[in-house]
Amino acid sequence: MTRDFYARGVLDVARDLIGCVVRFGSAAGVIVETEAYHDSEPACHAFVGLTPRTRILFGPPGFSYVYRSYGIHALLNAVAEPEGVGAAALIRALQPLDGLDRMRARRGLHRVDQLCSGPGKLTQALGIDLAQNGLDLDSGPLTIEPRPAAWRDPPTIASTRIGITKAIELPWRFSAAGNPHVSRPRPPGWPA
DNA sequence: CATGGGATTGACT
DNA sequence: GTCAATCCCATGC
């Protein structure tokens, strides 16, 4: 995806990332769940303003923001909105596409729907760590590619974000409707 | 320099 | 359902 894609509002970016492909090394997956974060609301790391940590968030769009969560997991974001605005889309779940065996080895699991069904799971499956913070997502080695033909205009559900304590009411979580790789808990009204 | 709080996960009752 | 693991970073003294 080129720079213009990410320079738009973070809600549009998060929604339109559904169906795009994350690729790192031999592993790749289709994005089936995202969340939007913006410096105007307190759940966003950039809410505190410009610090060493948030420098990437306020920088130019189209770069990766990877941080450690709960001391254990690396979480992957795509920086959005023009430079000077601190915003990013959190990649929360993938449908595995390439490199399944490598993912299984890294995750220590076999079932496909357990490989990338969470923000910490997918980074582990792809081998993404803090070393991948601040990379240009259009030039590699970590890339986000346009939707495959089968993923044109995927039905998408908006719901409230997961695992946060502030601004919990904002419906800024986006999920591919009915996709088995979306993380738990599932949004209200999830298709049977 | 010390402290407190997580954009989670997996194991266990 | 509960709970611990574990570390980076922002803040305050």
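Chain identifiers are assigned alphabetically (A, B, ...) following the order of the sequence lines, protein sequences preceding nucleic acid strands; residue numbering begins at 1 within each chain.
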Answer with base, sugar-phosphate or nothing: what part of the nucleic acid does A:I164 contact at a heavy-atom distance below 4.0 Å?
-> sugar-phosphate
Rounded to the nearest angstrom, tell me the gap between atom CD1 in A:I168 and atom P in B:dG6.
-> 13 Å
Is it possible for you to check whether A:R8 lies under 6.0 Å from the centre of the six-membered ring of A:F5, through NZ or CZ, and within 45° of that ring's axis?
-> yes
Between B:dA7 (C1') and A:L170 (CG): distance, integer Å | 13 Å
Do the charged groups of A:E33 and A:R173 touch, with an N to O distance under 4.0 Å?
-> yes
Aromatic-base stack, A:Y70 on C:dA5, cutoff 5.5 Å, angle under 30 | no
Side-chain contact check for A:K121: nearest option of B:dG6, B:dT8, B:dT9 is B:dT9
Take atom CZ of A:R68 and atom P of B:dG4, then tell me their distance rounded to the nearest Å.
-> 22 Å
Where the side chain of A:P119 is concerned, which of B:dT9, B:dA7, C:dA5 is the nearest nucleotide?
-> B:dT9
Closest non-hydrogen atom pair, A:A7 against A:P82 | O-CD, 3.3 Å
Measure from the side-chain heavy atoms of A:P52 and tell me the nearest of B:dA7, B:dT8, C:dA10.
-> C:dA10
Between B:dA7, B:dT9, C:dC8, which one does the side chain of A:L130 approach most closely?
-> C:dC8
Interatomic distance, A:K166 NZ vs B:dG4 C1' [rounded to whole Å] = 12 Å
Paired nucleotide for C:dT6 [Watson-Crick or G-U wobble; both distances under 3.5 Å] = none
C:dA10 OP1/OP2 closer than 4.0 Å to side-chain N/O of A:T51 | yes
Atom-to-atom span, CZ of A:F47 to C1' of B:dG6 - whole angstrom = 16 Å
Report the distance from atom CG of A:L50 to atom P of C:dT11, rounded to the nearest whole Å.
-> 11 Å
For the atom pair CD1 (A:I91) and OG1 (A:T123), what is the distance rounded to the nearest 0.5 Å?
-> 11.5 Å
For B:dA7, the Watson-Crick or wobble partner whose two distances fall under 3.5 Å | none
Would you indicate which nucleotide in C:dT6, C:dA10, C:dC7 comes nearest to any side-chain atom of A:I72?
-> C:dT6
Closest to the A:T165 side chain, choosing from B:dG6, C:dC9, B:dA7 = B:dG6
What does A:R107 touch in the nucleic acid at a heavy-atom separation under 4.0 angstrom: a base, only the sugar-phosphate, or nothing?
-> sugar-phosphate
When all nucleic acid strands are considered with a 4.0 Å heavy-atom cut-off, which category describes A:R92: base, sugar-phosphate, or nothing?
-> sugar-phosphate
Candidates B:dT9, B:dA7, C:dC8 - which lies nearest the side chain of A:H73 | B:dT9
Out of C:dA10, B:dA7, B:dT8, whichever nucleotide has its closest atom nearest the side chain of A:Y67 = B:dA7
Report yes or no: do A:Q124 and A:R106 form a side-chain donor-acceptor pair below 3.5 Å?
-> no
Please state whether the phosphate of B:dA7, meaning OP1 or OP2, lies under 4.0 angstrom from any side-chain nitrogen or oxygen of A:H45.
-> yes
A:R23/A:D98 salt bridge by N-O under 4.0 Å criterion | yes
Interatomic distance, A:H38 NE2 vs B:dA7 C1' [rounded to whole Å] | 16 Å
Between P of B:dT8 and CG of A:L76, the distance in whole Å = 14 Å
